[in-house]
2 protein chains.
Amino acid sequence: MTKVQRQRRDVVANRARIVSAATTMLREHGLSTDMRAIAKKAGVGIGTLYRHFPTREHLLQEITGVGLTRLAESMLPPGLTAIDALRQFFTAALDQLARNRAMVDLLASTEVSDSSLERCVQHLTDIGREAVTRSTRDRTLATDITATDIAYQFLALVRIVQLLPDGRTGDIERYVNMTLRGIEHRHSQK
Amino acid sequence: MTKVQRQRRDVVANRARIVSAATTMLREHGLSTDMRAIAKKAGVGIGTLYRHFPTREHLLQEITGVGLTRLAESMLPPGLTAIDALRQFFTAALDQLARNRAMVDLLASTEVSDSSLERCVQHLTDIGREAVTRSTRDRTLATDITATDIAYQFLALVRIVQLLPDGRTGDIERYVNMTLRGIEHRHSQK
DNA sequence: CGATCATCGGAACACATGTTCCGTTTTGGC
DNA sequence: GCCAAAACGGAACATGTGTTCCGATGATCG
């Protein structure tokens, strides 16, 4: 009865081309990339793009979703002190983000309306909470630091990554270390 | 021959109303305020607005110019160590900025095309350079900190101010202190 | 008070970008 | 190879916002 229709070959191919084109364009030109440019890059009509993704937001969600989810699912590395876990998390996450203009734009933008982004920011606070909790044992964070502070510091670092000239991504670790020196407990110096 | 015409009273009055309305709207609603809203608030036609300020950018320059100039002209307070001078400068500048959404948006935006803004960012680096120089005497900054680092840290703080909920401007000092702990020399603790 | 002309108001235009629609083309089953 | 249905391309539409233009208005001067 409900016969399972196989998708036409061109449909599958076009979707793949669109996703691929959108991924590249967003990574290289940031969030402001417009729909026509993506369609053109994919070698596809604008109508075809819209048949696959009914709105711009659907497309963005599809493309940035992977990265946001990865960020939202990553946890603090276990077995480390609060400060060292944050160091590893921040560095890894920012190195990843730095490869993708759209992701950086997203996390540096004021419009936090996108639901999956909001979830992501929420998650940063959860990470912060975990670090604060961990610090009640190891005392590696200054005692007045809150979960929110940690989320804000991460977003501040994202802003710095956004400002960094293209070649300069090697500086990320330096900036992470500066930030962490700012929130670490005063007696935790090596 | 070239008789100096005195300006009509309504012209002067309208210009004042426009500047006043624009200042309020930009301060309260940020950079995205549109021209029609400003004209309406001023009780003036859109045409009148454009006769006084030929483009949106001219208007923005007029309104944000004061604040940008003040920021660009403020120097590091003399007679203090590098770190304390930066503390005073950062805190004062950010407290000021926090009162004005448009200024925060401007310094948090990626479009650094506006010439007076660019001058302003340039000036932040000059401030940084001055602090680095001062630190060669007092050794209050970590030795690997550059002028650019200081400019970036300021802009990162601006981002945090942008994220702060309306009532929370009292937290600015805390964040400034976190940032400075991140760049201070390791032996300068009180 | 009346004439003149700078100024005003806001409709209309320009332009960029998201989205829809429909005539044309392609696919896949026979 | 033929056909019906599905999908395509891109012109056209919708919308938001900056900008221009011109007939109406009203400030100034004699």
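This structure is a prediction, so every number in the text was calculated from the model and none was measured.
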Selection residues 167-180 of chain B - residue pairs positive for side-chain hydrogen bond (donor to acceptor under 3.5 Å, both in side chains), sequence neighbours left out: A:Asp149-B:Arg174, A:Asp149-B:Tyr175, B:Arg87-B:Asn177
Could I get a table of every N or O pair under 3.5 Å where one atom is in the protein and the other is in nucleotides 26-29 of chain D?
| from | atom 1 | to | atom 2 | distance (Å) |
| --- | --- | --- | --- | --- |
| D:dA27 | O4' | B:Arg8 | NH2 | 3.3 |
| D:dT28 | OP1 | B:Arg9 | N | 3.0 |

Tell me whether B:Leu26 shares a hydrophobic cluster with B:Val19, the cluster being built from Ile, Leu, Val, Met, Phe, Trp, Tyr side chains joined at under 4.5 Å. yes
Determine the minimum heavy-atom distance between B:Arg139 and B:Thr143, stating which atoms define it. NH1-CG2, 4.4 Å
Does a donor on one side chain sit under 3.5 Å from an acceptor on the other, for B:Glu184 and B:Thr140? no
So does B:Arg8 pair up with B:Asp10, basic N to acidic O under 4.0 Å? yes
To the nearest Å, how far apart are A:Phe53 CZ and C:dT17 P? 21 Å
What pairs of nitrogen or oxygen atoms, one from the protein and one from nucleotides 1-3 of chain D, lie under 3.5 Å apart?
none

Going hydrophobic residue to hydrophobic residue with side-chain gaps under 4.5 angstrom, can you get from B:Ile150 over to B:Leu80? no
What's the spacing between B:Leu97 CG and B:Phe154 CZ if we round to 0.5 Å? 5.0 Å
What is the distance from atom CE of B:Met25 to atom CD1 of B:Ile63, rounded to the nearest 0.5 Å? 12.0 Å
If you round to the nearest 0.5 Å, how far is CZ of A:Phe53 from CD1 of A:Ile38? 9.5 Å
Over how many whole Å does the gap from A:His52 atom NE2 to C:dT19 atom C1' extend? 16 Å
Enumerate the residues from residues 14-26 of chain B whose closest heavy atom to DNA chain D is under 4.0 Å, giving them by residue number; use none for an empty result. none
Residues touching DNA chain C, which here means a heavy atom under 4.0 Å, drawn from residues 33-51 of chain A: A:Asp34, A:Met35, A:Arg36, A:Ile46, A:Tyr50
To check you understand the geometry: which heavy-atom pair defines the closest contact between B:Leu86 and B:Ile183, and what is its length? CD1-CD1, 4.3 Å
Residue pairs passing the salt bridge (Lys or Arg N to Asp or Glu O under 4.0 Å) test with at least one member in residues 60-76 of chain B, sequence neighbours excluded, are B:Arg15-B:Glu62
Round to a whole Å and report the spacing from CZ of A:Arg56 to C1' of D:dA14. 17 Å
In this structure, would A:Leu49 and A:Val11 fall into the same cluster of hydrophobic residues linked by side-chain contacts under 4.5 Å? no
Answer yes or no: is there a side-chain heavy-atom contact under 4.5 Å between A:Arg101 and A:Glu28? no
